[in-house]
Chemist: 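After the structure tokens below, expect a handful of questions from me.
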Amino acid sequence: MLALLATTLSTCTGPAAKKASKQAGATENRIARCETRSCFLGLLEYGGQILLAKEQPDGTFEEVYQVRRKKGSTLRSFTHGILSVATLGIWNLVGSPIEGFMSSSDFIVFRVTYDPQGQPIKVEIQGG
């Protein structure tokens, strides 16, 4: 009985369930909370890039960023766990590729205007 319980619990934490529960990325709220250029640049660690960087005639500087959107779902992860238990682990063979497809590139694009001293003065989140 104990072995069955251990096997059941281990299949609930299969790769598909783990992938569904947590995928790194940024959110609009996290972007809006940034108050320095280094904070915006730190968001690039999520597979982002600077799409445009140009200095304006008035001395301000503008950058357009693209960062990966955070994805993840506790409900989706739980569902993968249930399916894994119900199929005695076979679901992990099907669920992992499905989660790989679900984590396709989905980005947030945003524009930041900096004053001549390099402090952000305006953030426009344009979506993805």
Side-chain angles (χ1 to χ4, degrees):
M1 184 68 168
L2 188 57
L4 180 62
L5 179 62
T7 303
T8 301
L9 291 176
S10 68
T11 59
C12 285
T13 59
K18 286 179 185 175
K19 230 179 190 184
S21 68
K22 189 159 84 172
Q23 295 176 11
T27 63
E28 285 88 350
N29 288 339
R30 183 157 181 203
I31 293 167
R33 287 193 316 256
C34 281
E35 296 180 1
T36 63
R37 184 168 187 264
S38 63
C39 178
F40 292 114
L41 292 175
L43 296 173
L44 297 178
E45 74 182 43
Y46 299 123
Q49 63 181 329
I50 298 174
L51 300 176
L52 173 74
K54 71 177 181 180
E55 191 169 341
Q56 303 297 328
D58 63 357
T60 60
F61 187 72
E62 183 178 276
E63 288 182 324
V64 177
Y65 298 84
Q66 173 180 288
V67 295
R68 188 172 307 280
R69 183 182 304 276
K70 181 177 177 128
K71 288 185 169 183
S73 169
T74 304
L75 179 60
R76 207 167 69 236
S77 177
F78 179 75
T79 303
H80 279 294
I82 295 296
L83 289 170
S84 183
V85 170
T87 62
L88 301 175
I90 296 172
W91 176 253
N92 287 329
L93 298 174
V94 176
S96 291
I98 289 172
E99 277 307 314
F101 177 73
M102 292 292 291
S103 63
S104 63
S105 299
D106 188 15
F107 294 94
I108 301 170
V109 177
F110 60 98
R111 178 185 315 267
V112 182
T113 305
Y114 300 94
D115 67 15
Q117 290 74 38
Q119 296 300 314
I121 54 176
K122 183 175 166 185
V123 179
E124 298 173 54
I125 299 174
Q126 300 172 346

Chemist: Test side chain to side chain contact (heavy atoms under 4.5 Å, CB included) on Phe40 and Val67; report intermediate values, then the result.
Modeler: CA-CA 10 Å; Phe40 292 114; Val67 295; over 6 Å; no
Chemist: Would you mind listing every salt bridge (Lys or Arg N to Asp or Glu O under 4.0 Å) that reaches into residues 30-57, with sequence neighbours excluded?
Modeler: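 Every pair satisfying salt bridge (Lys or Arg N to Asp or Glu O under 4.0 Å) with a residue in residues 30-57: Arg37-Glu63.
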Chemist: Among residues at least two apart in sequence or on other chains, which ones pass side-chain contact (heavy atoms from CB on, under 4.5 Å) with Thr113?
Modeler: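 Applying side-chain contact (heavy atoms from CB on, under 4.5 Å) to Thr113 gives Thr60, Glu62, Ile121, Lys122.
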Chemist: Side-chain contact, heavy-atom cut-off 4.5 Å: Val64 with Ile50?
Modeler: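 The answer is no, as the side chains (C-beta and beyond) never meet within the 4.5 Å cut-off.
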Chemist: Grab the two heavy atoms, one from Ala26 and one from Ile108, that are nearest each other, plus how far apart they are.
Modeler: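 Smallest interatomic distance, heavy atoms only, reads O-CD1, 3.5 Å.
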Chemist: Look up atom CD in Glu28 and atom CD1 in Ile125, then write down how far apart they are to the nearest 0.5 Å.
Modeler: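 These two atoms lie 6.0 Å from each other.
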Chemist: How many angstroms lie between NZ in Lys70 and OH in Tyr46, if you round to the nearest 0.5 Å?
Modeler: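 The NZ atom of Lys70 sits 7.0 Å away from the OH atom of Tyr46.
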Chemist: For the atom pair CD (Gln66) and CG (Leu44), what is the distance rounded to the nearest 0.5 Å?
Modeler: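 Here the interatomic distance stands at 10.0 Å.
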Chemist: Once the angle between the rings of Phe110 and Tyr65 is folded into 0 to 90°, is it parallel (under 30°), tilted (30 to 60°) or perpendicular (over 60°)?
Modeler: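 It falls in the parallel class, under 30°.
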Chemist: Yes or no on side chain to side chain contact (heavy atoms under 4.5 Å, CB included) for Leu41 and Thr36, after CA distance, side-chain angles and deciding distance?
Modeler: CA-CA 9 Å; Leu41 292 175; Thr36 63; over 6 Å; no
Chemist: Where do Ala53 and Phe61 come nearest, in terms of heavy atoms and distance?
Modeler: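 Result for this residue pair: CB-CZ, 3.8 Å.
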Chemist: Checking Cys34 against Leu43 for the side chain to side chain contact (heavy atoms under 4.5 Å, CB included) test, could you report, in this order, the C-alpha distance in whole Å, the side-chain angles of both residues, the deciding distance, and whether it holds?
Modeler: CA-CA 10 Å; Cys34 281; Leu43 296 173; 4.1 Å; yes
